[in-house]
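Structure, as structure tokens:
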Amino acid sequence: MRPGADKHLERLLVMVPWISSQDGPKVSDVCARFDINERDLAADMEMLFLCGLYPFTPDALIEADIDDGRVWIRYADTFNRPPALTPEEAVGLVAAASAVIALPGNEQNQPLRSALQKLSNVLGLGDEEAVDVDLTKVPSELLEEIRRAVEQNRNIELDYYSYGRDVWNRRAVQPYRLFSSEGQWYLQAFAVEALEIRNFRVDRMRNLTITETKFTPPADLPPPRVYEARNTDPVVVLELESEAKWVSEQYPMDSVSALENGLVRVEMRVSERAWLERLLLRLGGHARVVKGDVDVSGSANRILRRYS
Amino acid sequence: MGEEAPVRALVLFDAVQGELALDQSHGATVEERRDDGSVVLAFEVTSAAAFRSFVLGFLDHAEILEPAELRADMRSYLETMVGA
């Protein structure tokens, strides 16, 4: 599976500082910790070897090396200097910190609040100019209710709209973790009927009830990922024109290849047909289905009936 | 989103998507709530293409009511998709 660029970057941002803080960890330990194989790790190290700061001379590049079954990363000296943030970078940090503080239960995170206040002062941001991080509108009472269920390890029942299948269902779940990603709130939970851990978007929940049934959360809860394709999901192959190439970076792909005619061919796993219909409808004539069980013409016709 | 002259548009969302649409439509206002659970939302549109993409995200649960230009734009776009 080839992860999207954002997931790859996310992994590197966590992996690089961890490796550099260890004393040459074993390749096997790094792979196990970050759930990658040795080939991926080697590719990451090769790429890191080209990363650094202007003027990109050897003393300004990151040293990344795999030797005798161990992994080494050493920062160039320039990385040890205090960071000199541009105003845009500083505002970005304020926005990110504000988003973290907005997480339920994090309101009293004093160290983060203090750091945020200092940075805001440096930037000259008063209260009236505070950065407003606007996660999708979700009632705070609903977030509090979910957080309470997570803390008390109690099952919840809810009506949930499945975007991928375009239906509402009543679900029973064991709530494990509330998190936000790309402006949305999610609940990572064990879906009782599906017998697997899934993510549920909070803004697609209605009529939530906390039950008396308690559960024991897993000791090794996997990190939250908004979407992860399963090997059993059907394979879809698309050819994308330049206007639709963003798809190859936005979503996880099994493979991406540039064709001689300028198109990009992507192979992806898609579990929900309605999701793919929506994507193809939005792409219009800029994408062609080479392989896959989807009838975008039929979808367009269903919508068209509303306009006749 | 967009830099076109603002146009006020009305979209009908059926009962399946009405409340979700309201949650996801920043800046939209409720024009009408109907007895069957559907809702009409008013939007200020400054990019016809972006707006069309947004509405298509609701599949056949949404229908542009006004203005006629945006409605015709959607119909033309869908006719092309059907004929493709």
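Lettering follows sequence order; numbering is per chain, from 1. Note that the structure is a prediction, hence the values are computed from the model and not measured.
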Practice problem: Would you mind reporting whether A:Ile303 and B:His61 have side-chain heavy atoms less than 4.5 Å apart? | Solution: no
Quiz item: Measuring heavy-atom distances to chain A, does B:Ala62 have an atom under 4.5 Å in its side chain, in its backbone, in both, or in neither?
Solution: backbone
Practice problem: Evaluate side chain to side chain contact (heavy atoms under 4.5 Å, CB included) for A:Arg306 paired with B:Leu12, printing each intermediate quantity in order. | Solution: CA-CA 10 Å; A:Arg306 300 198 67 138; B:Leu12 170 65; 3.7 Å; yes
Quiz item: Does A:Arg278 reach the side chain of B:Leu59, with side-chain heavy atoms less than 4.5 Å apart?
Solution: yes
Quiz item: When rounded to the nearest 0.5 angstrom, what is the spacing between CG in A:Asp203 and CD in B:Glu19?
Solution: 12.5 Å
Exercise. Check whether any side-chain heavy atom of B:Asp60 sits under 4.5 Å from a side-chain heavy atom of A:Arg305, and report yes or no.
Key: no
Quiz item: Looking only at atom types and distance, does a side-chain atom of A:Tyr307 sit under 3.5 Å from a main-chain N or O of B:Leu78, one as donor and one as acceptor?
Solution: no
Quiz item: Under a 4.5 Å heavy-atom cut-off, does chain B meet the side chain of A:Leu283, its backbone, both or neither?
Solution: backbone
Practice problem: Sort out for me which of A:Arg282, A:Arg206, A:Arg288, A:Arg302 touches chain B most, counting heavy-atom pairs under 4.5 Å. | Solution: A:Arg282
Exercise. Determine, stepwise, if the pair B:Gln17 / A:Asp166 fulfils side chain to side chain contact (heavy atoms under 4.5 Å, CB included).
Key: CA-CA 9 Å; B:Gln17 291 272 354; A:Asp166 190 28; 3.7 Å; yes
Exercise. Would you name the heavy atoms of B:Met81 and A:Ala300 that are closest together and state the gap between them?
Key: CB-CB, 3.6 Å
Quiz prompt | Side chain B:Arg75, main chain A:Leu304, donor-acceptor under 3.5 Å | solution = no
Quiz item: If you draw a 6.0 Å radius around CD in A:Glu193, do more than 12 non-hydrogen atoms from other residues or ligands fall strictly inside?
Solution: no
Quiz item: After noting the C-alpha distance and the side-chain angles of B:Val16 and A:Tyr161, does the key distance pass the side chain to side chain contact (heavy atoms under 4.5 Å, CB included) rule?
Solution: CA-CA 9 Å; B:Val16 175; A:Tyr161 175 71; 4.3 Å; yes
